[in-house]
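Take a look at the structure set out below.
Just so you know, these numbers come straight off a predicted model, no measurement behind them. We name chains A, B, ... by the order of the sequence lines, and we start the count at 1 in each one.
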Amino acid sequence: MSAFPAASALPLVVAVPLLGAAVLAVAGRRLPRVAADAVAVAFAGTAAAGALLAAAGWARGAGGAGGARGSAYAVQWLGGWRPGRGGGTGIAFVGDPLSLGLAALVSLLVIAVLAYSWRYFEEPPLPPGSPGTAGAAGRSGAFPALVLLFQASMSGFCLTGDLFDAFVFFELMGVVAYALTGLRVEEPRPVHGALAFGVVNSLGGYALLLGIGLLYARTGELGLAQLGRRLDHGGGPDALVLAAFVLVTAGLLVKAAAVPFHFWLPDAHAVAPTPVCLLLSGVMVELGAYGAFRVYWTVFAGSGGVPPEAATRTFLTVGVLTALLGAVMCWRQRHLKRLLAFSTVAHGGLFAVGAGVLSADGTAGTALYVLAHAGVKAALFACTGILLDRYASVDEHRLYGRARELPLVGGMFLLGGLALCGLPPFGTSLGKAIAEEAAGRQLPWLTGVFVLVSALTGGAVLRAGLRVFAGVGPRPRATAAETAGTERTHTGARNRDRGTDRHRERDPDRGRDGVDGGAERTPGDEVPETGGPLRRIPATMLLVPAALLAAALAVGLVPQLAAAAGRAGRLFAAHGPYAAAVLDGRAAHGSSPPAVGWTGTGAALGLASTALGAGLALLAVRGPLPEALDRVLGPLRRLQSGHIGDYVAWTTAGLALLAALAAPGTVLGR
Amino acid sequence: MTRRGRLRLFLLAALVLAAGYAVACLDLPPFGGDRHPYGDRAVHAALARRTANAVASVNFDQRAMDTLGEETILFAAVLGAVVLLRRTAGEARTEPEPARVSAGVRRLGLALLPVALLVGLYVVAHGNVTPGGGFQGGVVVATALHLLYVAADYRALERIRPVSRYELGDAAGEFAYTMTGVCTALAGPAFLANVLPLGTFRALASAGTVVLLNAAVGMEVACGVVVLLATFLDQAVEIADAPGGPRSADGAPEEEPT
Amino acid sequence: MSVLPYLVAGWIFLVGLYGLVTSRDLIHAVGCLAVTQSSTYVLLLAVGYRRGGTAPVFADAPAGARVVDPVVQALTLTDIVVGATVTALLLALVVQLRKRHGTVDPDRLSELRG
Amino acid sequence: MTDVLVAVALLLVAAAATAAVVNRDPARQAFVLSFLGLSLALLFTYVQAPDVALSQLAVGSALTPLMILLTVRKVTRGSAGGPARTAGPGRRPDRGTARDRRPRRGERR
């Protein structure tokens, strides 16, 4: 393989899953299920090998075709359109440690998802007589094909060095995700969640494209490196640069589910099939933040872009708001998938804060945090999926004590909760420690935000885990409406044909004006995704969360990974060297990477947030929170209305908010 | 939020955005200006690759990855729409009634059909030379087939439209495009590199791989749009709701009003 | 004239958003989303226009002709495909939503609250 | 001269976009969208983008409105056998009153 430079593998990481998807779209429903799954795993695995090979090539210091030997960025000009003296016209794929690491994470997570759904996840069934099923009822075979397309889109988004190409992959990611979210059209809520997801994310995409249009008008370029360089030649920032920054950043933050663009996420995650949730929460949302910071550093971080004070103000404000709102909402949930979804919102906010302080070590810490969080969150979703498939419910109160018979799953769930709190030596703890130290240097109280948010989200998971898997504390108080619902549930849950949304409000005004709004209403029971309730938990479904947790632990324990994250942070948080490597093929010489590793303070803070989270959880299982607190939080909960018009209005408000945050120091008061 | 609250929030935000955007527009280069560095380079590159249609050169050569992504979006959407609009258990399939079409409409439709098909194929084939190409021509071909629905009836359309064949064509187009890229990456200089002989400027077979990729896109778009329309037509014409009407909130057929 | 096309693009974007916010019918909302997207076509093509230029197609124009920017046209083509496919998927979801909920009025869909 | 044509087309596009939003009935909106597609195609022709105009013509004024009309047909047809709870243009949703459950005239096509 030495004749084949690592950079050449970059486009293949995207192309191989595409080939697999095309093959499966045709052959998927004609092959036996096991064969179709095996084909999918083979293609996903080949792409994963490509990503890892490229990453290893980078680690050896072989820059590849595009860059000089020893360059830290592997650059591949697609179609061989390398820029000449006047500038190029092609698209570059750029592999730096962070983008390669994320592409590898995407591929590995896709393999985990395929393994998790191996044979058991019931693909959308087709009734007898549908085309291609030869009379009998059959599978549509589309699920693994869509998962492979998802993999290709996310890998492409990581690796591309071109803003418009990033938009294309952004939209592809979206289109696949809407289809996957709404996969189970037999039920009412998935279609609604997928629609809200689709509308809000499409708007984000259009804002991004308008921003690209403005940047093109100013610079006449589309490549990230070229854009940054041209902006720097053009003098200081003006209203045009600001507008472009706001539109592009907002578009990407919609994907990252930052407040107030976040409303789609809980709606989509609560209803998407569990294997899809692993990917949505584990990596797609984080890619939104990756995109926003990638664009900031390569395009806007120079003298012609947005001044660092304005950028950091924007990212930190949005990040803190997101983290706090997500954590509070997470604590309030009893629908486990929704709970985990809000915890993803909260952690997304922490990522924005960690990278938003715009330092190399903050970025490095966030990278580690994202990596470990993907493992932990995916493992938690996998455990929740097991509950769903066995008990046809993911309601914390209704499942009280019922899962005592699953000690292994319970152990993993609680371990996941502790990892989310930031228990050393999990990678989440290491990432959090580095990121919060970097953030604390900027503003000391940001450390408190990290601790509080980790404790609340991890504590919520622990609380639910203690109730569901151990039956700790008194049985949660059930409302009258709920008891009535439970009786009807047991027979109904198995009947796939019937609507399951028993508690849906018929009267649109009742739920809105009632004191409880929507949150206290039971989320209704669920339909197992395995074609019927599971009697025995298949080994694959247990193995996947175990492996994911082990990976999250390894992120904290393998010092080479932390060192690589340090280098990744330095190369990512760099403006000039990126352009020099991509456009001139010059090796990046710069400051030495920040030292990244465990510190005493970091471990102590991790233990503190774990203790706080565990304490909160133990307090909560004793009894409900005081009524007064509920009244304070009520309005917050009502914001999450499920109404598409509301979400669009908030998205518009978010655009205005970003403009207001980024303007001082950029165009105002200069 | 109440309807009024929602509108207020939106109008306030829109006001801020409108003001900011208007100020930003004043900083834009005036409409119709002469500075287009990327465009000039792209035209230069297109001519060097003997591609008369510079847009096709950008789409299928210089920025061929964008088009791969675009075709994949279409592919994913077709796959997604087929899954989302599947006939679910409990839904019946009704036979569409044969429709009576006046002789004039029928003759006009049947006369237009081959013309429209030919136009579509022409637009696909000349994509590297004249405006148009795989995408535009593909859509024309796909919609042309549906003239049969207007001229005759749904059953006539179904006879010439075995959906699984078109699904195959859709996937084959996507596969061909991607495979071209993989082959040029493994055996040639780079992913999606233009490695074929460039031919004569303005000739039908000029521009190297642009022709191949253009054909792949044409096939995928024509087949994909046929499948897409088929799934919607299927819902609108053939698939009836479960007996008893749409399921009510209780999962049981709604009782008759008394 | 020098800023009119840009302002029109902004107007289309905002008017589409307005439609989405006030929509009482999800099919109408998807239509409004398509409107919102057309703002991006207008902006991109306006940015690439060159006064006195012809189309960047050299089928009969001489190779040295003054042409408008072909890159934005390629981008807009991609954008149009994206728009059509997103519309198709969202409409598919609306069809199923109508079957499961019996309504396409967003004010009457309330089960994803909290 | 071209500038005038472009300006006229731009205003036409803006008007059509506004009309498409203000028309609350999806079936009528589909026709307005079709007109918006046509006016966009006209604008694209004036700014020397025949490739884009062609695809806008095919997609914006044919494919998209067609899909919307098919969806409208499905949504209204679906209500023929059961409760019609679609909120039509300007109609207040009647919260499932008996009046609303009867198939509306012209729905059974």
State the [atom1]-[atom2] distance between [X] and [Y], to the nearest 0.5 angstrom.
X	Y	atom1	atom2	result
A:Phe169	B:Asp66	CZ	CG	8.0 Å
A:Leu214	B:Cys25	CG	SG	7.0 Å
B:Ile73	A:Met173	CD1	CE	10.5 Å
B:Leu12	A:Thr652	CG	OG1	11.0 Å
A:Leu78	B:Gln62	CG	CD	13.0 Å

Bottom line for B:Ala64: the part with an atom under 4.5 Å from chain A's heavy atoms is neither

The interface call for B:Leu9 against chain A, heavy-atom contacts under 4.5 Å, is side chain

Backbone of A:Thr89 reached by a side-chain donor or acceptor of B:Tyr38 within 3.5 Å: yes

In terms of heavy-atom pairs under 4.5 Å with chain B, which of [options] leads?
options	answer
A:Ala152, A:Ala243, A:Gly645, A:Ala660	A:Gly645
A:Pro11, A:Ala656, A:Gly79	A:Gly79
A:Leu242, A:Thr651, A:Asp162, A:Leu247	A:Asp162
A:Leu222, A:Leu657, A:Val648	A:Leu222

Contacts of B:Arg6 meeting side chain to side chain donor-acceptor pair (under 3.5 Å) (sequence neighbours excluded), chain-then-number -> A:His643, A:Asp646

Check [X] against [Y] and note the closest heavy-atom contact, atom names and distance.
X	Y	result
B:Arg86	A:Arg184	NH2-CA, 4.0 Å
B:Leu84	A:Ala179	CD2-O, 4.0 Å
A:Ala21	B:Phe75	O-CZ, 4.0 Å
B:Val83	A:Ala142	CG2-CB, 3.1 Å
B:Pro37	A:Arg230	CG-NH1, 4.1 Å
A:Ala25	B:Leu79	CB-CD1, 3.9 Å

Of the backbone (N, CA, C, O) and the side chain (C-beta and beyond), which part of [X] lies under 4.5 Å from a heavy atom of chain B, both, or neither?
X	answer
A:Tyr216	side chain
A:Leu19	both
A:Thr219	backbone
A:Phe93	side chain
A:Val175	side chain

From the list B:Val182, B:Thr72, B:Leu85, the residue making the most non-hydrogen contacts under 4.5 Å with chain A is B:Thr72

Ranked by heavy-atom pairs below 4.5 Å to chain A, first place among B:Ala45, B:Ala172, B:Ala13 goes to B:Ala13

For this session: Check the pair A:Val26 / B:Phe175 against side chain to side chain contact (heavy atoms under 4.5 Å, CB included), numbers first and verdict last.
Result: CA-CA 11 Å; A:Val26 175; B:Phe175 188 86; over 6 Å; no

Mind running side chain to side chain contact (heavy atoms under 4.5 Å, CB included) on A:Arg218 and B:Asp27 for me, showing each step along the way? CA-CA 9 Å; A:Arg218 164 56 58 86; B:Asp27 288 336; 3.9 Å; yes

Show the atom names and distances, to 0.1 Å, of all donor-acceptor pairs under 3.5 Å that link a side chain in residues 14-24 of chain B to residues at least two apart or in another chain.
| residue | atom | partner | partner atom | Å |
| --- | --- | --- | --- | --- |
| B:Tyr21 | OH | C:Tyr6 | O | 2.9 |

Query - Full working for side chain to side chain contact (heavy atoms under 4.5 Å, CB included) between B:Leu68 and A:Val14 - result: CA-CA 10 Å; B:Leu68 176 59; A:Val14 179; 5.6 Å; no

### Cation-aromatic face contact B:Arg63/A:Trp77, 6.0 Å, 45 degrees
no

Are the side chains of B:Leu186 and A:Leu12 in contact, using a 4.5 Å heavy-atom criterion? yes

| query | What do the steps show when you test A:Val16 against B:Thr178 for side chain to side chain contact (heavy atoms under 4.5 Å, CB included), and what is the final call? | reply | CA-CA 8 Å; A:Val16 168; B:Thr178 317; over 6 Å; no

